[in-house]
Every structure is written in structure tokens, then in C-alpha cells.
K.L.:
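The structure that follows is given in the form of C-alpha cells.
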Amino acid sequence: MTRLRCDQTAAWAALQASFVASGKAFDLREAFAADPQRFEHFSQNAPHVFADLSKNRIDAATHTLLLELAQQCGLEQHRDAMFAGEQVNSTEKRAVMHFLLRKPAPAPYFPAHVAINKIADQQAEVEVTLNAMLTYAEQVRANPAITDVVNIGIGGSDLGPQMVVLALAEFATTGQRFHFVSNVDGQELAGVLAQCRPQSTLFLIASKTFTTTETMTNATSAKHWFETQGGQDIGAHFAALTTNVVAANAFGIHTTFGFWDWVGGRYSLWSAIGLPIAIAVGTAGFQDLLAGAHAMDEHFRTAPLAQNLPVRLGLLDVWYRNFHGFSSRSIAPYSSALRRLPAFLQQLEMESNGKRVDAQGQELPFETSPVLWGEPGTNGQHAYFQMLHQGTSVVPVEFVAVRTAGQTLPGHHTKLLANALAQAQALMLGKTDLGGHRHFPGNRPSTFLLLEQLKPASLGALLALQEHRVFVSGSIWGINSFDQWGVELGKGLAIDIEQRLQSGDASGLDGSTAGLLQRLR
Ligand code: F6P
């Protein structure tokens, strides 16, 4: 499928002209004054998520031009190609079908003319695996002998499940503790093992490839600890979540839950990689998570572009990155349960869209992924919000708030929500009457995403929204959002340096690496 590169479209040129004419000087305060209905005009409902986009530097004309850009870049065709199971991950020659993991079976999903057989076959496999995984999760939940579940995995095999288990703690079984070990720094694993006993611990070795150094090192140490601390029956205490069942078996793990190469690591929490989530929240909770994500899939697949929230967010990202030149986005979840959301989104966005060539390998003359960063509110306010309000760079902020509290302590939730609203308001309005150090320029954009309640379905929808918005900007930029070649170079070099750290051989190394290597020995 050939698509027009975004900067070669008429809409791109029109956006550039419009940015120079009015976009650059756009003032949010004036926009609200000019349109008393601006909130209504720039907010929308999507499944489980209400989005207020009105505090963004965008007007109806820009919105229309961005939608034209999407059309001229073939966004809809690209989206439909993904949902039809085509190999949209072109560099790895793989389909991208994480959406299939959350599609309720057996409802027909595709019109007959689409590649239905291939997808139907895959879906049957998905269902079998999901059922096996949920059955196993229920057995673990019902087993009082298991007090600790230790997930060993990194990247997508850690960030998604960890973030969701923390976010849904309110819905989790109380009988078990969950631990997530990702770093090859043995301090992490040692700290967890110190809290566990072999006979009451279940280790989940989560790795799509079952080759990742950090995970294999931690898994080997965990198995050694288990065996030397009197653990009996690896089969009952170790399970592998992987597409590489052969390697898991060779490692000595025979309880395995598989998935497929069409599930990218950062899109894998919906697959067997989600087993810790299923153990934490049970079958109904996990199914609700999938159902919420599926509702968002359907919204993305079918809603008109103008009312399609992932499309609108992705286009806004392009507008900010390529026209305003904003280089980062700050994520501010006003929910401490969502404290790992920024880390999860960092991988999702930056591993997907942190690319400098298009899907054909041609260098791109424009910027792609912004830097994502953030901390839960209100903590961030007392750390870096100073820079957001008065620093020299404009950083769009994405607030995520939850209307209903997940706890009952009086007063807390109102204060939390008040702070979220106040920060968004202060960023936009600023304060210009005091001057000097007390001057707040304002006109600083933000998006406000609101969930009614933080529960499995709404979290599923929020995460699928983020996945699809990353697809949208990646698609406009013409890049393959589903590979991650950029992580390979350092992995290879680490193998060489590990040997050199043992042998002391610094020959042929650059001066700095050689000097540090000698110091570290
Ligand atoms: O190194 C990057 C990466 O491949 C991520 O894309 C992935 O989520 C992570 O490593 C873990 O990979 P695996 O699940 O194969 O261990």
C-alpha cells in the first residue's frame, strides 16, 4: 500500500500557511472569549472516556485541515489494513492484530470480503489460549498456598501488566502479593526474593522472545534460588508467557501460555503477558479490561474522523510536533493508581514512533515522536510544574482524572480533582498583572481525559485509546510504528563489553569506553 508522505500533501502546505497566519499566535483565552461554546465544540465522549480538547491551540479551521491531512495520507486505509490483518509491520513482515485479543468471540467482525479466514483461524487460537490462561489464573487465585506472584519480564513484558495490576489494585484478590522484576540489576530480584518463600511463590517468566538478557538472567537466578532454597516442583511454581514455547521448554518450564508474532511487546498486556492481571482481577475483571479496549477499537474503526478520539489526539500530536515544534508531552495522571501510566506510555509512544526514517527506510525531513514524561498529580506540581508554568518551553500536558474516588477518605478526592482543574486552568489563563517573577504567560495547552471510574473496562478503553493515537501519528508520519530496531545496537555492544569487563581487554575501544571499563574492573 503506497501512501502519500504527509509533507507532500496539500493539507500539510495549508497547515503550514495557517500556522504562520494564525496558528502561531493562537491564544486560548481569546478563543474562549470568541466562542462561549468552545468547551462543547472541542470536547467529546468516546467509550468510557470523556475528552476535553478545548484547552488546545486549535480552532475549527485547523481541525478541518488536520482531518484533510489524515485523509490525504490514507490514514483510514492504513487503519483498515491493520484491522484486516495485513502486514502493516512492514520491516518485520508481520500483521499487527493486538485488537484481536480483545474481540469478543465468536461475533463476526469483518465483512466477508476481508481476509476473514486467516483472522478467524487466529481468533480461534486466541480464544483457546485465553481460556487456558484464565482457567490457570483462577486456579492460582483459589490456591491459598501461593502468596506471592513474581513477574519477571522487561519492556512490554513488564510495563503493561505492572501498570494495570497497580491501577486495578482496588479490584484485586487480597490473598496474593504481586512483584515485578525487570532490571538486570540483581538488587531488584534479591529484594523480592527476600520477601518470598519457594513453596508459596509463583514465578511468571514473561518474554515474547524468551531471549531477552535481563529476563533470562533474572529467570535463571530465580530458578537457582528456588532449587537451592528447597523448592519442589518447578512445574507448579514457574510458568512462561511467550511466543517461544520451545525455548521456555528448553529452560525447564513446561507450563506455558503462548501468543503470536502479530502481538508487539508494547501491545501485549492483552495476551498471555496479561496473566498477572488475570490472577489479580480474575476472569471477569480481565474480560472487562478486554471489553473496554474492544469498545475503543470499534470507536477507532468506525467513528467518523471528526469525532474519532484517537484520530483527534494523534492529529493534535502532529500539529504540536511538526508545526508548533513542541518537543515533549507531559502525562499527568491525577490518580496515584495510575502512577506507572507515564512509564507505560513512554514505551508505547517512543518505541513506536521514535524513528527517523519512513516505512521504506527513507530519511524523514520532519520531527516524529515527542518525549513523553510525567508523574502522578499532585506530586508533579511540587517538582516540575514550575517549568510547565514559567519555563521557556511550551509542553502540552495530558491530564487524566477519575470522577469517582477509589477510596473513601473524606476530602481527598475533591482536593485531587480541584488540583487537576486548577493546574489546567493556570496553564491556560496564566497571570499577567504582577510582572517579573510572578508573571505567568499562560496560553499553555492541555488535554483533559476523564474516566467515570477507574475500573477494568475504563482502563482498557484508555489504553486502547493511547495505542490507536500512537498509530495515528505514526501513520501520518509514514513510519512503521511496530518495529524497534533502535534497541538492537546497544544490546549487541553490551554482550561484547560484558566479556571485556571479565577479561579486561579494552583493545579497539573508544577512549571513553576503555577508560570507564578499566575503572569498573
Ligand atoms: O528491547 C526492546 C524490547 O524488544 C521491547 O520491544 C520488548 O517489549 C522488550 O524488549 C522485552 O522483550 P521480550 O518480551 O521479548 O523479552
Side-chain angles (χ1 to χ4, degrees), residues 88-98 101 129 133 150-165 180-185 188-189 203-223 238-251 253 256-277 340-355 369 372 463 466-467 470-471 474 479-498:
V88 298
N89 177 354
S90 51
T91 59
E92 296 179 314
K93 302 210 174 346
R94 290 175 183 167
V96 172
M97 300 201 292
H98 44 275
L101 301 165
T129 311
M133 166 188 153
V150 181
N151 189 81
I152 294 180
I154 197 164
S157 301
D158 165 71
L159 291 164
Q162 186 187 13
M163 179 265 298
V164 174
V165 167
F180 290 84
V181 174
S182 53
N183 202 317
V184 76
D185 183 347
E188 218 174 81
L189 179 62
F203 290 96
L204 304 176
I205 313 302
S207 175
K208 179 177 171 180
T209 54
F210 224 77
T211 57
T212 304
T213 307
E214 292 89 336
T215 301
M216 298 327 298
T217 305
N218 281 323
T220 303
S221 297
K223 195 161 150 238
F238 280 78
L241 325 174
T242 184
T243 58
N244 191 353
V245 171
V246 173
N249 291 162
F251 185 82
I253 302 180
T256 59
F257 298 94
F259 57 109
W260 305 270
D261 69 0
W262 45 260
V263 184
R266 50 196 175 274
Y267 302 88
S268 65
L269 70 93
W270 325 97
S271 71
I273 294 292
L275 181 57
I277 305 171
R340 290 296 286 165
L341 182 66
F344 170 79
L345 293 180
Q346 277 176 337
Q347 187 196 17
L348 183 61
E349 175 105 30
M350 292 158 76
E351 200 173 73
S352 298
N353 288 345
K355 315 273 165 74
S369 172
L372 252 67
L463 301 181
Q466 298 289 351
E467 289 177 350
V470 168
F471 177 91
I479 60 188
N480 177 6
S481 301
F482 299 101
D483 61 12
Q484 55 283 319
W485 300 105
V487 299
E488 296 303 325
L489 176 61
K491 278 188 196 173
L493 292 177
I495 294 169
D496 174 53
I497 292 178
E498 186 181 345

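Every number for a ligand or one of its atoms is a count from 1 in the order of the listing.
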K.L.:
Would you say Gln347 touches ligand 1, if touching means a heavy atom closer than 4.0 Å?
P.N.:
yes
K.L.:
Atom CD1 of Ile205 and atom NZ of Lys223: how far apart are they, to the nearest 0.5 Å?
P.N.:
9.5 Å
K.L.:
For Gly155, take its heavy atoms, then give the atoms of ligand 1 lying under 4.0 Å from any of them.
P.N.:
8 (O)
K.L.:
How about Thr129 and Trp260: do any of their side-chain heavy atoms sit closer than 4.5 Å?
P.N.:
yes
K.L.:
What atoms in ligand 1 come closer than 4.0 Å to a heavy atom of Thr212?
P.N.:
12 (O), 13 (P), 15 (O), 16 (O)
K.L.:
Could you check whether any side-chain heavy atom of Ser157 comes within less than 4.5 Å of a side-chain heavy atom of Thr242, counting everything from C-beta outward?
P.N.:
no
K.L.:
Could you list the atoms of ligand 1 found under 4.0 angstrom from a heavy atom of Ser157?
P.N.:
13 (P), 14 (O)
K.L.:
Should one rank Glu488, Lys491, Glu214 by closest heavy-atom distance to atom 4 (O) of ligand 1, which comes out on top?
P.N.:
Lys491
K.L.:
Taking the side chain as everything from C-beta on, heavy atoms only, tell me whether Tyr267 gets closer than 4.5 Å to Leu348.
P.N.:
yes
K.L.:
Counting N and O atoms only, with roles assigned by atom type, does the side chain of Ser207 sit under 3.5 Å from a partner on the main chain of Gly153, one being a donor and the other an acceptor?
P.N.:
no
K.L.:
Is any heavy atom of the protein nearer than 4.0 Å to atom 14 (O) of ligand 1?
P.N.:
yes
K.L.:
List ligand 1 atoms under 4.0 Å from Val487, heavy atoms only on the residue side.
P.N.:
1 (O), 2 (C)
K.L.:
Please check whether Gly156 reaches ligand 1 - meaning an N/O of the residue sits under 3.5 Å from an N/O of the ligand, judged on distance alone.
P.N.:
yes
K.L.:
Contact between Trp270 and Leu463 at the side-chain level, heavy atoms closer than 4.5 Å - yes or no?
P.N.:
yes
K.L.:
How close does the nearest protein non-hydrogen atom get to atom 9 (C) of ligand 1, and which residue and atom is it?
P.N.:
Ile154 O, 3.6 Å
K.L.:
Can you pull out the closest protein heavy atom to atom 5 (C) of ligand 1? Residue, atom name and distance to 0.1 Å, please.
P.N.:
Glu351 OE1, 3.5 Å
K.L.:
What's the spacing between Phe180 CZ and Met163 CE if we round to 0.5 Å?
P.N.:
10.5 Å
K.L.:
Quick one: which ligand 1 atoms are inside 4.0 Å of a heavy atom on Ser207?
P.N.:
13 (P), 14 (O), 15 (O), 16 (O)
K.L.:
What do we get for Gln484 next to ligand 1 when only non-hydrogen atoms under 4.0 Å count, side chain, backbone, both or neither?
P.N.:
side chain
K.L.:
Measuring from atom CG of Leu493 to atom CD of Glu498, what distance do you get when rounded to the nearest 0.5 angstrom?
P.N.:
13.0 Å
